[in-house]
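The structure under discussion appears below in the form of structure tokens.
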Amino acid sequence: QVQLVESGGGSVQAGGSLRLSCAASEDTLNSYCLGWFRQAPGKERERVATFYITTGTTRYADFAKGRFTFSQDNAKNTLSLEMNSLKPEDTAMYYCAALPEPRDGTDCRLPSAMDYWGQGTQVTVSS
């Protein structure tokens, strides 16, 4: 059973930094793809970063490039998202997600593709 638990959210001023963590159940980090997503009030859930195990590469949404960094610690079964130069528009609930096995037409950039989700952690950035 895949379990994901996020932590590390909080309130910061614009320009500040936060590091989000996602504790995963054993073997979850071997998933086909892993991702961080976010959802702001009144908006659809959107991708922040996606890691692909087959290539060992991470892809970022345009707004995250240069500011956010995805990482994982296999020994601790933990995913992380380092967020720097935060902006008020980064305010959202942040979720980690996993897709253990791909399906035909899988697009890990889409929230609908992911099978497992954490409960989310709130990030609030004030101006």
Side-chain angles (χ1 to χ4, degrees):
Q1 180 71 20
V2 174
Q3 291 185 326
L4 301 164
V5 180
E6 301 94 337
S7 62
S11 297
V12 296
Q13 291 190 329
S17 299
L18 280 174
R19 184 180 180 88
L20 307 183
S21 294
C22 175
S25 50
E26 189 172 359
D27 292 333
T28 300
L29 269 59
N30 294 325
S31 293
Y32 174 72
C33 56
L34 300 163
W36 283 96
F37 294 79
R38 71 182 188 183
Q39 187 166 18
K43 295 187 177 181
E44 294 186 351
R45 192 167 297 188
E46 62 179 351
R47 177 185 71 119
V48 177
T50 307
F51 174 80
Y52 300 87
I53 194 170
T54 54
T55 58
T57 57
T58 303
R59 295 287 184 259
Y60 296 91
D62 286 344
F63 64 79
K65 292 178 181 177
R67 298 192 299 131
F68 295 3
T69 303
F70 176 103
S71 63
Q72 62 183 86
D73 185 332
N74 291 339
K76 296 181 179 180
N77 290 324
T78 302
L79 309 176
S80 296
L81 184 69
E82 183 76 27
M83 304 187 296
N84 299 311
S85 301
L86 284 164
K87 305 174 182 180
E89 52 263 44
D90 294 319
T91 295
M93 187 72 79
Y94 283 71
Y95 301 88
C96 59
L99 175 64
E101 297 292 338
R103 296 181 289 270
D104 287 345
T106 291
D107 184 346
C108 294
R109 297 171 297 178
L110 301 177
S112 59
M114 310 305 277
D115 282 347
Y116 298 97
W117 294 85
Q119 83 289 350
T121 186
Q122 178 67 40
V123 172
T124 303
V125 184
S126 58
S127 58

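Just so it is clear, the model here is predicted, and its values are computed rather than measured. All values below come from the heavy atoms of this structure, side chains included, with hydrogens, waters and symmetry mates left out.
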Under a 4.5 Å side-chain heavy-atom rule over Ile, Leu, Val, Met, Phe, Trp and Tyr, are [X] and [Y] clustered together?
X    : Y   : result
L81  : V12 : yes
M114 : V48 : no
Y60  : L20 : yes

So, for [X] and [Y], which heavy atoms are closest and what is the spacing to 0.1 Å?
X    : Y    : result
L79  : C96  : CD1-CB, 4.2 Å
T58  : A49  : CG2-CB, 4.3 Å
I53  : L29  : CD1-O, 3.8 Å
Y95  : G118 : CD2-O, 3.6 Å
S80  : W36  : O-NE1, 3.4 Å
Q122 : A92  : NE2-O, 3.4 Å

Legend entry - Inter- and intrachain pairs under disulfide bond (SG atoms under 2.5 Å apart), touching residues 33-88, at least two apart: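 Counting only pairs at least two positions apart or across chains, the disulfide bond (SG atoms under 2.5 Å apart) contacts touching residues 33-88 are C33-C108.
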Inset, instruction - Only pairs at least two apart or in different chains count here, so list each ring pair (Phe, Tyr, Trp, His ring centres under 6.0 Å) that has a residue in residues 98-127. - result: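 Ring pair (Phe, Tyr, Trp, His ring centres under 6.0 Å) check on residues 98-127 returns F37-W117.
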Spacing of [atom1] belonging to [X] relative to [atom2] belonging to [Y], to within rounding of 0.5 Å:
X   : Y    : atom1 : atom2 : answer
N77 : D27  : CG    : CG    : 7.5 Å
F51 : Y32  : CZ    : OH    : 12.0 Å
R45 : L110 : CZ    : CG    : 13.0 Å
N84 : R19  : CG    : CZ    : 10.0 Å
Q39 : E44  : CD    : CD    : 8.5 Å
Q13 : S127 : CD    : OG    : 9.0 Å

Legend entry - Check ion pair D107-R47 (N to O, under 4.0 angstrom):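 Salt bridge absent between D107 and R47.
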Legend entry - side chain to side chain donor-acceptor pair (under 3.5 Å) partners for S126, two or more places apart: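 Per chain and number, S126 pairs via side chain to side chain donor-acceptor pair (under 3.5 Å) with no residue.
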Inset, instruction - Please list, chain by chain and in numerical order, all residues satisfying side chain to side chain donor-acceptor pair (under 3.5 Å) with Q3, sequence neighbours excluded. - result: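 Partners of Q3 by the side chain to side chain donor-acceptor pair (under 3.5 Å) criterion come out as none, since no residue qualifies.
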Please output the side-chain donor-acceptor pairs of residues 66-73 that fall under 3.5 Å, not counting sequence neighbours, one pair per line with the distance.
residue : atom : partner : partner atom : Å
R67     : NE   : F63     : O            : 3.2
R67     : NH1  : S85     : O            : 2.9
R67     : NH1  : D90     : OD2          : 2.7
R67     : NH2  : F63     : O            : 2.9
R67     : NH2  : D90     : OD1          : 3.0
R67     : NH2  : D90     : OD2          : 3.4
Q72     : NE2  : N74     : OD1          : 2.8
D73     : OD1  : A75     : N            : 3.0
D73     : OD1  : K76     : N            : 3.2

Inset, instruction - Check the surroundings of atom CD in Q119: do more than 12 heavy atoms from other residues, nucleotides or ligands lie under 6.0 Å from it? - result: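 Yes - once you tally the heavy atoms of other residues, nucleotides and ligands closer than 6.0 Å, there are more than 12.
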Inset, instruction - Give a yes or no on this: more than 12 heavy atoms of other residues, nucleotides or ligands lie within 6.0 Å of atom CZ of R109. - result: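 Atom CZ in R109 is not packed in, count stays at 12 or less.
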Inset, instruction - Using a 4.5 Å cut-off on heavy atoms from C-beta on, say whether the side chain of Y94 contacts that of E6. - result: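 No. Closest side-chain heavy atoms not under 4.5 Å.
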Inset, instruction - Sequence neighbours left out, what passes side-chain contact (heavy atoms from CB on, under 4.5 Å) with T28? Give chain and number order. - result: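 If we apply the side-chain contact (heavy atoms from CB on, under 4.5 Å) test to T28, skipping adjacent residues, the hits are V2, L4, A24, S25, S31, L34, A98.
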